[in-house]
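In listed order, ligands and their atoms are each counted from 1. Since this is a predicted model, take the numbers as computed values, not measurements.
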Amino acid sequence: MLWQFLSNFDNSSIYSSQCANRMKNRSLVSIDDFSTEEMIEILDLTEEFEKQPVRKLLEGKVIATLFFEPSTRTRLSFESAINRLGGKIVGFSDSSTSSVSKGETLHDTIKMVSSYSDLIVIRHPMEGSARFASEIASVPVINAGDGANQHPTQTMLDLYSIRKTQGTLKDLNIFMVGDLKYGRTVHSLMMAMSRWNATFNFIAPEELKMPDEFKLYLENMGLKYYEHSDFTDIITKADIIYMTRVQKERFSDPIEYEKVKNVYVLRNSMLKNTKSNMRILHPLPRVNEIHTDVDSNPKAYYFEQALNGVYTRQAILCSLLGIK
Ligand code: CP
């Protein structure tokens, strides 16, 4: 009788429910915390949220958003995602209004907040802070950017934007331009795209080159990367141009920042012979690195990319909370 009962199950639904259950109650600190299969599952779920973003799936859930560093897109898209799912938000956008200003440690802050919430989203200037928080918290922790290290939810929305515009994640030629040293978004995206046989072109001033540890990561995977000081002659080969801001806040010497801040500026005139399906991405905010004359070019995708952040974060929140 038992075998007859079991044979009535649809294997694909068992498989998908196992995948969802594997993500339940886990933290997302590094993009490598997700397997390739889990990334694809999040991207597929994001598509569903894009079709219908208002669903009361987080009713009764409280999400804490702790931002120790400024943010517009990450914080507000998380909060928009939570509101559209019927959840509630506690937290701060300015740590000077919290007891951190009285000297409370990150350890004690996380311990307290994990007893007030079902999941914590944290942005912090210190590399490793999100991992530290995940080891203390009794609820899942999502890294919303830890110093120059990683920004995995940005990467998931970048992957979604790439798959949506290119129709695939496989075998793409990715140009990464600007601050590749301190740019946490390029670090996470490079690690993720390495799973789909991407070729990387790194364009950065000498002072802001891709750190050796990330180049070694690609070498260990047998992937090709090229480093350039200029990209005007090779821009026609790009499938994706991922522009980044030179981050003033990461420089201790303002003169060093002044030297490199305007080295790369993408202008509309440079895009003339680029591939028809090429798209320009930027995690934003931008300063000068994309001239506003690019904004009306159909190849500019950065504002749609930021909108995709709402749906992607809905998919991540539901997966880590084990909500289908
Ligand atoms: N992309 C991104 O992290 O933007 P914010 O700093 O505005 O959150």
Side-chain angles (χ1 to χ4, degrees), residues 28-31 42 46 63-84 89 91-96 119-130 133 141-162 164-165 174 176-193 208 240-251 257 261 264 266 279-290 294-295 300-317:
L28 173 59
V29 174
S30 160
I31 194 64
I42 298 276
T46 302
I63 312 296
T65 57
L66 310 184
F67 279 71
F68 293 84
E69 257 193 353
S71 166
T72 297
R73 273 145 296 273
T74 311
R75 186 173 68 84
L76 296 183
S77 65
F78 260 116
E79 296 190 356
S80 173
I82 296 160
N83 278 308
R84 286 173 202 275
I89 299 154
F92 50 78
S93 57
D94 175 359
S95 62
S96 70
L119 183 147
I120 297 173
V121 177
I122 180 172
R123 169 171 288 190
H124 197 284
M126 201 170 64
E127 283 138 55
S129 52
V141 170
I142 296 179
N143 180 5
D146 62 329
N149 186 32
Q150 289 234 2
H151 195 349
T153 63
Q154 175 72 44
T155 299
M156 290 310 301
L157 79 91
D158 292 343
L159 292 182
Y160 185 72
S161 301
I162 293 171
K164 192 172 170 191
T165 59
I174 313 283
M176 293 180 161
V177 186
D179 179 358
L180 307 187
K181 181 177 177 185
Y182 300 114
R184 56 195 174 200
T185 62
V186 287
H187 300 158
S188 303
L189 182 59
M190 187 215 78
M191 289 165 76
M193 284 304 294
L208 297 176
I240 293 289
I241 300 178
Y242 196 91
M243 295 297 296
T244 62
R245 172 178 69 97
V246 174
Q247 301 172 83
K248 191 176 183 180
E249 64 274 27
R250 309 276 178 230
F251 286 78
Y257 169 71
K261 70 174 187 185
Y264 302 109
L266 188 68
R279 289 293 177 274
I280 302 151
L281 269 56
H282 190 313
L284 304 177
R286 75 167 150 190
V287 185
N288 291 324
E289 61 281 358
I290 301 181
V294 176
D295 293 358
Y301 192 73
Y302 28 92
F303 294 120
E304 289 96 326
Q305 176 191 1
L307 170 61
N308 291 337
V310 175
Y311 317 128
T312 311
R313 289 175 172 124
Q314 288 184 312
I316 293 170
L317 286 164

Taking distance alone, with N or O pairs closer than 3.5 Å, would you say [X] contacts ligand 1?
{"X": "L284", "result": "yes"}
{"X": "Q154", "result": "yes"}
{"X": "P285", "result": "no"}

Looking only at side chains, do [X] and [Y] share a donor and an acceptor under 3.5 Å apart?
{"X": "R245", "Y": "H282", "result": "no"}
{"X": "R313", "Y": "S77", "result": "yes"}
{"X": "Q154", "Y": "D158", "result": "yes"}

Please work out which of R123, R75, R184 has its closest non-hydrogen atom nearest to atom 6 (O) of ligand 1.
R123

From the candidates L157, T72, T74, the one that places a heavy atom nearest atom 2 (C) of ligand 1
T74

Can you tell me if H151 contacts ligand 1 (heavy atom of the residue under 4.0 Å from the ligand)?
yes

Note: E127-R250 ion pair, threshold 4.0 Å (strictly below):
no

Do the ring planes of F68 and H124 sit parallel (below 30°), tilted (30 to 60°) or perpendicular (above 60°)?
tilted

Atom 1 (N) of ligand 1 sits nearest the protein heavy atom P283 O, 2.8 Å

Grab the two heavy atoms, one from A300 and one from V294, that are nearest each other, plus how far apart they are.
CB-O, 3.5 Å

